[in-house]
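Before any comments, here is the structure.
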Amino acid sequence: MTSGIRFFLLVTIIALGGCAKTVEIAPALHGPFRCENANVALDTDFAAGNIESCQAVEDSGLAIAIAPEDAPPINCSAWYAFRLTPRKAGRQTVDLQYQHCGHRYWPKISSDGENWTRVPDDAVEIGEVDGVRQARIILDLGKEPVFVAGQEIISTADYTRWIDELSQSPLVDARLLGQSAEGRDIPALTIAAPKSTAREKIVLIGRQHPPEVTGALVMMPFVETLLAGDPLAQRFRARFTTIVVPVLNPDGVDRGYWRHNIGSTDLNRDWGPFAQPETRLMDNLLSGIAAAPDEQLRLFVDFHSTQYDIFYTIPDDFPTSPPLFLKKWLDRLQQRMPDYPVNRDANHNLLQDNSKNYVHKTYGVPTMTFEVGDETDRQFIIKLAREAARTMMETLLATEENAEAE
Ligand SMILES: [Zn+2]
């Protein structure tokens, strides 16, 4: 077994485990509590922890208000994450009361912040009480604290651990792309064969939208597949350099925001204006590639989540170099996964200042938003990531070097 393969298996096992360790659980009670009743105390004092407020209801329940970081209109991605520290074992009712929008994320639970499971279907009631949309979660708690969140928590600390693991490979060069408005690091990984002179570049980005965790769950094994030791990945790395910016909105991620950065901006509507420091870093990265006489951007992919799996691409009649790449890639993926309906929309939001539109319009390359469903099966996401990465590499290797736009 080559070290490359061994390394690949190592990081994949980490991915299969859900995600890297998120937070440490101290044996003592946590604080400061946001609210408590006779049975349990609630806090949000950890990365991605966020609720608006909470209060004890009678003596057995908790009512939690869920509200966005900025006033509506805002995308209805009602994130929540909190920790319950039981005072004694027993049944606990928690009502999520949505102040804006309604329920989106089915609750997940974890005792260690690392391994997460969906709360069972029969333990969640979605409805409306006195005109307020709510989700009631009924939990049978032991004596240990548990995390409850809209999705698995993948915070900036998890990205740091993931990058540290990947950086053990000589194929990976990790660096600081820059910093967010609040001073958090925005890392970038470069993947290429050692001493490579590959000048064709692909750029992958993630987490513009903080709660879109399934976008991260697909991006991580996608990137790991590019690091595999098999001949396909070796040939790919010999010709292409991949630049990965896995978490463009670290402030939003660690604050548990629904959508924005701390500048009250949806970063994926800021491509063109570049009014935010995070998107300006991407503008600098991409324009730097374009300005280098011997470098060539070939593909741009932005990872997100929505209610179902879908690939948002530019239309096939938009000229790109390489030509018709997205159609060829997704056709190949469909052939590889005949039982999976590859769902493509080439006409979604073509006028927005989003990354897909901007990067195509400015650089003439194929661009795609890779959206994974909020509740898509987690094991399937890993399979999809690997097949999507392999078919991307095959399709890129089938292109002519230095092909011009049609
Ligand atoms: Zn998104």
Side-chain angles (χ1 to χ4, degrees), residues 19 48 50 68-70 72-81 100-106 149-156 158-159 180 186 203-220 222-223 244-276 278-279 281-282 300-314 326 343-360 367-376 381 384-385 388:
C19 62
N50 190 21
E69 59 273 13
D70 291 305
I74 190 168
N75 185 279
C76 287
S77 307
W79 175 258
Y80 54 88
H100 302 284
C101 301
H103 178 77
R104 171 166 169 178
Y105 295 112
W106 194 267
Q151 295 286 28
E152 301 89 331
I153 291 174
I154 301 181
S155 68
T156 59
D158 296 309
Y159 285 101
S180 65
I186 297 179
V203 172
L204 313 176
I205 73 166
R207 292 305 279 283
Q208 293 202 75
H209 295 150
E212 298 185 6
V213 169
T214 53
L217 292 177
V218 80
M219 182 196 231
M220 287 173 162
F222 187 101
V223 169
V244 187
V245 181
V247 53
L248 192 62
N249 185 2
D251 299 342
V253 165
D254 278 3
R255 284 169 165 266
Y257 277 5
W258 290 22
R259 186 73 171 185
H260 290 167
N261 71 342
I262 68 160
S264 300
T265 299
D266 179 341
L267 292 181
N268 206 28
R269 304 291 182 270
D270 189 44
W271 291 68
F274 294 116
Q276 301 301 311
E278 296 87 358
T279 40
L281 292 171
M282 290 308 306
F300 175 90
V301 182
D302 186 359
F303 291 81
H304 288 252
S305 307
T306 189
Q307 280 80 6
Y308 44 86
D309 300 357
I310 189 163
F311 299 96
Y312 292 130
T313 70
I314 53 162
L326 299 161
N343 186 17
R344 178 188 181 194
D345 183 348
N347 293 295
H348 185 71
N349 290 341
L350 290 175
L351 298 177
Q352 276 177 354
D353 289 327
N354 62 31
S355 66
K356 166 179 69 86
N357 295 338
Y358 177 84
V359 176
H360 170 261
T367 59
M368 185 168 84
T369 311
F370 191 148
E371 301 262 6
V372 174
D374 296 332
E375 304 303 331
T376 300
I381 289 175
L384 174 64

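Both ligands and their constituent atoms are indexed starting at 1 by order of listing. Because the structure is predicted, anything quoted here is derived from the model rather than measured. Along the sequence shown, the residues carry numbers beginning at 1.
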If you count every protein N, O or S atom closer than 2.8 Å to the Zn ion (ligand 1), you should arrive at 4
Judged by modelled atom types alone, do Gln276 and Asp270 share a side-chain donor-acceptor pair under 3.5 Å? no
Cationic N near anionic O, under 4.0 Å, Glu375 to Arg104: no
Contact between Asp309 and Asn343 at the side-chain level, heavy atoms closer than 4.5 Å - yes or no? no
May I ask you to test the Ser355-Met282 pair for a side-chain heavy-atom distance under 4.5 Å? no
Trp271 versus Thr279: any side-chain heavy-atom pair under 4.5 Å? yes
Non-hydrogen atoms of His209 and Asp266 that approach each other most closely: NE2-OD1, 2.7 Å
